Number of protein chains: 2
Amino acid sequence: MPLQRVSSAEQVRDHITTLILNGELKPGTALRETAIATSLGVSRNTVREAVLLLGHSRLIRHEMHRGAVIAEPTKDALVNLYDARRGLEVGAASVEASDDVVAGLKQALIDLEAAAESGNDRDIVAKDLAFHAATVRNLASTRIDNFYSGLAVELSFYLGSLAASRLDYAEDEFFLEEHRRIYLAIAARDTETAVRYVREHLDETIRRLQRRLES
Amino acid sequence: MPLQRVSSAEQVRDHITTLILNGELKPGTALRETAIATSLGVSRNTVREAVLLLGHSRLIRHEMHRGAVIAEPTKDALVNLYDARRGLEVGAASVEASDDVVAGLKQALIDLEAAAESGNDRDIVAKDLAFHAATVRNLASTRIDNFYSGLAVELSFYLGSLAASRLDYAEDEFFLEEHRRIYLAIAARDTETAVRYVREHLDETIRRLQRRLES
DNA sequence: TATTGTTGGATTGTAAGACAATCCTTCATC
DNA sequence: GATGAAGGATTGTCTTACAATCCAACAATA
């Protein structure tokens, strides 16, 4: 039995994280140490430790004597994020997939289709990212998977904060088709085609996002 | 002008980091908060913050009520590290390289050859890792580059701590040749061959390391 | 008016001291 | 030899305090 204890600082960090991901703390908001401390009934010290722990993710920006601020979905941040996605996903697509990966991918696609059917934006985003995470798993490294999952968290936060004006994923008739053909190419071990489809999909996706950012 | 201030905690973190990388703090050593605090003339508070900051890297292991301990080069840690390397480097090798990347790679190879000539183990390790980092740059993401550089730091720490019984890189006649042919394959845009050479090189390297670990 | 000091409150960075919780070793007991 | 109790050592957390810095509002000046 691993028996894992959880420090107060870690709990506060998780609390703040969920607040951010739920959109209850909007981009640009400053994290006031004393406010959080009194509201949670812990010392300022503990809050500081929590914020430092949080600093590893990119959900907040930290500046000396200025405190922590919830990250904002700037164009640069998005491009940076998608460059990393492209690197990993294209790399993953250019290696012939194992049967395990294909199986996981198939399931991820099924989940995605179900989510699209339901029309729940949040769920669609989650299943979309899960599909792409399943492609990255082809690189066969849990450590890379963790790294990618960090990217996914960050991205879903950005998407959530942009979603004041709905995402309208479901409205897009190509959305599902793009994923289907990626799956088929990977399953067929046609790496060349898979790479092309992945590239096109990511390029198209970030284009849509940037358009949405401007409005 | 960016004008960056540096907090005490960050300085302490950097200090501890260099101590670790220089081998002055050996794997398994416990980081005692009060000892560090008094020795550096800062408060225990600040040391705690420094250790939390350090926690983002994997140079230390942290457990509740047990404090931080310098990471140890276990077999699992090495495998985990090399899985990540393989994922990134193979992915990078399977994409046709840009001229920029090839140029950087060529320079990295020259540096590596010079280091091998000099026979300085530390320098050889650094240039070796720099060469591989240059291949990863083909993924065209600064973020992935940062991630990889974290892997490299961790690896060079492990290598350093194993190097009580010299690395004897230079003694290995294949060492340089393996890098040369990787470069040539990448420069020729022969991705299939490049991938094979990268795979072989990494597999061979970790095999050597594991052998060294057992002794 | 626009620009440049100045001032004061708010917030963070750091220190210091305290104490409970937990760990770890040693020693006593069975 | 296994079990368990005792005690010191260390971490986790809180509290208080104050210096450094930021920031906004206001005052002074060209």
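Any value given below was found using the heavy atoms of this structure, including those in side chains, with hydrogens, waters and symmetry copies removed. Remember, predicted model here, so these are calculated numbers, not experimental data.
- Residue whose closest nucleotide on DNA chain D sits further toward the 5' end, between A/E49 and A/R66: A/E49.
- Protein atom NE2 of B/H62 is 15 Å distant from nucleotide atom P of D/dT10, rounded to whole Å.
- Note: CD1 (B/I60) to C1' (D/dT11) measures 14 Å, nearest angstrom.
- Side-chain polar atoms of A/Q107 and A/D111 form a donor-acceptor pair below 3.5 angstrom.
- Heavy-atom distances under 4.0 Å link DNA chain D to B/L31, B/R32, B/E33, B/R44, B/R48 of residues 27-48 of chain B, given in residue order.
- For A/Y183 and A/H179, the ring centers sit 6.0 Å or farther from each other.
- With sequence neighbours excluded, no residue satisfies side-chain hydrogen bond (donor to acceptor under 3.5 Å, both in side chains) with A/R58.
- Taking 4.0 angstrom as the limit, A/S8 places a side-chain polar atom (N or O) nearer than this to OP1 or OP2 of D/dT13.
- Between the CG atom of A/L52 and the C1' atom of D/dG12 there is a distance of 15 Å, given to the nearest Å.
- No more than 12 heavy atoms of other residues, nucleotides or ligands lie within 6.0 Å of CD in B/E117, so this atom counts as exposed by the packing criterion.
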Only distances under 3.5 Å count here; give the side-chain donor-acceptor pairs of residues 90-102 of chain B to other protein atoms, sequence neighbours excluded, each with its distance to 0.1 Å.
| from | atom 1 | to | atom 2 | distance (Å) |
| --- | --- | --- | --- | --- |
| B/S94 | OG | A/S94 | OG | 3.1 |
| B/S94 | OG | B/V90 | O | 3.0 |
| B/S94 | OG | B/G91 | O | 2.9 |
| B/S98 | OG | B/V101 | N | 3.3 |
| B/D99 | OD1 | B/R189 | NH2 | 2.8 |

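- To the nearest angstrom, P of C/dG13 lies 9 Å from CD of B/E10.
- In terms of phosphate contacts, B/R5 brings a side-chain nitrogen or oxygen within less than 4.0 Å of OP1 or OP2 of D/dC22.
- Side-chain atoms of A/H65 lie closest to D/dC22 of the nucleotides C/dT14, D/dC22, D/dT11.
- In this pair, B/H201 and B/H132 present their aromatic rings parallel. The plane angle is below 30°, not in the 30 to 60° band.
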